[in-house]
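Proteins come first, then strands; the chains are lettered A, B, ... in the order of their sequence lines, and each starts at number 1.
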Amino acid sequence: MTITTFKDYLRNQILTTLEELSMPTRDVHLEKSKIPEYGDLSSNIALTLAKEVKGSPLDLAERIKENLHLSPDYCSAVTISPPGFLNFIYSPKYIRKQLITLLKTGDSYGKTDVGKGKCALVEFVSANPTGPLTVGHGRQAVLGDTVSNILEWHDYDVAREYYFNDAGRQMRLLGESVYVRYMESLGEKMTLPEGGYQGNYIRDIANHIYKIHHDTLKEQPDSPVFKETAEKIIFEDIKSTLEKLGIYFDGFVNEKTFYENQAIDQVISRLRRKNLAYNLDGAVWLKTTDFGKSQDTVLIKRTGEPTYRLPDIAYHEDKIKRGFDLIVDIFGSDHKDTYPDVISALQCLNYRTDHIQVLIHQFVTLKQKGVKVSMSTRKATFVTLDDLIEIVGADVVRYFFLMRNMKSHLNFDMDLAMKESEENPVYYLQYAHARICNILKYGKEVGIPSDVTADFTLLKEPSELNLIKELIYFPEITKQILDSLEPQIISNYLQDLATLFHKFYTECRVVTEDISLSVARIGLVSGVKTVLASSLEILGISRPERM
RNA sequence: GCCCCGGUAGCUCAGCAGGAUAGAGCAACUGCCUCCUAAGCAGUAGGUCACCCGUUCGAAUCGGGUCCGGGGUACCA
């Protein structure tokens, strides 16, 4: 019985008791008790019922307790604490059984088969190839990859997808900027176009082109070579950066596809038939006012060029048609206002959209020397993700982004990041893992067997029991991250688990003269290692055996 | 103007399906390595949980308002 089913069991028992007492029933809320005096799990049910039943919460709690029949195999005691909480204490037998389950299940502990036979698509990063990835993109990259990991953990077949557009104004500007730098390397003085790309990488690309074509493109500012070479080089650069973070995509989808296969035209004509698209002032509009917006939005500009919204609809239609059971989109907060239009449009085209989940994350604001810098790829006022990885390492980058709630703004202070790389919270977690590896190695050397049938009743110290209780909670955590797709839940859990381990380590020596105790503790410690490793794996952080 | 996020220790942030003494890391200070790794542990100090009002037995958490920061509201993505 995992912790989750244990809670369900408690809930049901309480509900049954309430019925027996002819009391009103309601959702029973159970939470991990904050301090040991309050047991292991607590419920406020008596407090919430007090008003309706018109009794004192303490009396109510007492009555519930008296009539509650819990199996001593699971729950050894129920206590009441003011102002009326019911506290439940795990039976030692239950705790031991869970530890044994963990040791027997190993790497699969905390996994479910919720996603068995189902496939999911996760779209993220999706930056156009106009420049290197910035620290800002890093947040989304790490988030998307970790969300994918979470789904995979629960047995989903996950496809990571990157959507991009190599047509359009920005890419045209990119090509023009490269041409200017190319001419400069030929000794010609030129100025960048309005809003052109100022980064040094443009010069590198220009030099690269020069090495191949020399001055033969001098008179050909419109040559596709500039844009195409830039795109190719930049994409390679982006991929290599992502690779450093352990992120690999299963597919890259080009927006162009939906122009070429006429998906866009079909979307337009179908929207027209539904009276949701119309012509005005030479543009084609989407009737977003029908979806509750204060004004309609343009789908095709007067120039004949679609806005990004139209191919977005076609792209999502394509995603749906590919038959995924779950579609996750990860967007920055700048998309907050646009994706509902896409969803609404799809619904109007008679698609089911309840399997589309959109995760919006807030931006990273960058601080350098205490001053806020607005990040712009065009103006080259950004710190590249690559530089950041170089400075602090991939593990730190990943953890830095994952320990925060995606809804929170993130103030990224470069100076602090560098300083913290010396003494970083991520090492705290990894160190716990490395310490255990070393203990297990040592235990093996002195001949302590690793045995699931060890006598775990010997584990009685508070630091031991607290550690096991935290391990018991792991399946609940993996359930929570699946429901919420919020990686920081697991970061917080890891932090707590590592703390309890380090405490245990200082208080209890694992390998001693006492063989039986040593075997039991080796078991405990390897259970901790399994859960640490699983958690780190989900976060995509390495699990060093030595540090 | 309107919409969406956020405002918690000096700094970066957890906690927020209402709960019992508000946490961590960094920074500061004090202890602890003849013993499986001190990237650790124990402790001190640091808070009107932006502000006001409300709901409640109980509010950092829920509702309303104010202020500050970010994003959106574009025929930019």
Do we see a donor-acceptor contact under 3.5 Å between the side chains of [X] and [Y]?
X	Y	answer
Y315(A)	E161(A)	yes
S81(A)	E37(A)	no
H335(A)	D329(A)	no

Would you mind classifying the nucleic acid contact of [X] as base, sugar-phosphate or nothing, using non-hydrogen atoms under 4.0 angstrom?
X	value
D483(A)	nothing
Q488(A)	sugar-phosphate
I35(A)	base
P57(A)	nothing
C508(A)	base
Q480(A)	nothing
A434(A)	base
N492(A)	sugar-phosphate
T297(A)	nothing
D281(A)	base

Kindly point out which of [options] is positioned nearest to the side chain of [X]?
X	options	result
D334(A)	U12(B), A77(B), C75(B)	A77(B)
V510(A)	A39(B), C36(B), G19(B)	C36(B)
R302(A)	C75(B), C41(B), A77(B)	C75(B)
Y505(A)	C5(B), A38(B), A77(B)	A38(B)
D337(A)	U73(B), A77(B), C4(B)	U73(B)
H502(A)	A39(B), G15(B), G40(B)	G40(B)
V511(A)	A39(B), C36(B), A20(B)	C36(B)
E31(A)	G70(B), G19(B), C36(B)	G19(B)

Rounded off to whole Å, could you give me the [atom1]-to-[atom2] distance for the [X] and [N] pair?
X	N	atom1	atom2	value
L299(A)	C75(B)	CG	P	11 Å
H409(A)	G69(B)	NE2	P	12 Å
D496(A)	G25(B)	CG	C1'	13 Å
M171(A)	A77(B)	CE	C1'	13 Å

Task: Y428(A) ring over G40(B) six-membered base ring, under 5.5 Å and 30° - done: no

Open item on the list: Quick test of the criterion, 5.5 Å between centres and less than 30° between planes. Is Y38(A) stacked on A20(B) or not?
Closed with: yes

Open item on the list: Could you spell out the base pairing of RNA chain B as a dot-bracket line? Use Watson-Crick and G-U wobble contacts where both distances are under 3.5 Å, [ ] for crossing pairs, | for partners on a different strand.
Closed with: (((((((..((((.....[...)))).(((((.......))))).....(((((..]....))))))))))))....

Task: Sole candidate of L30(A), I64(A), T48(A) that passes side-chain contact (heavy atoms from CB on, under 4.5 Å) when paired with S43(A) - done: L30(A)

- [ ] In whole angstrom, give me the gap between the C1' atoms of U61(B) and A14(B).
- [x] 14 Å

TODO: Hey, which sits more toward the 5' end of RNA chain B by its nearest nucleotide, L47(A) or N405(A)?
DONE: N405(A)

- [ ] On RNA chain B, check which nucleotide each of P83(A) and I489(A) is closest to and give me the residue with the more 5' one.
- [x] I489(A)

Open item on the list: Both conditions, 6.0 Å and 45 degrees, for the charged tip of R272(A) above the ring of Y278(A): are they met here?
Closed with: no

Open item on the list: Given the structure, check if the side chain of S408(A) and the base of A14(B) hold any donor-acceptor pair shorter than 3.5 Å.
Closed with: no

Task: Distance test, side-chain N/O of R435(A) to OP1/OP2 of A38(B), below 4.0 Å - done: yes

Open item on the list: For F124(A) together with F331(A), are the ring centres under 6.0 Å from each other?
Closed with: no

- [ ] Identify the two heavy atoms, one from T4(A) and one from K479(A), that lie closest to each other, and give their separation to 0.1 Å.
- [x] CG2-CD, 3.7 Å

Open item on the list: Students often mix this up, so state it plainly: with edges at 30° and 60°, are the rings of F252(A) and Y162(A) parallel, tilted or perpendicular?
Closed with: tilted

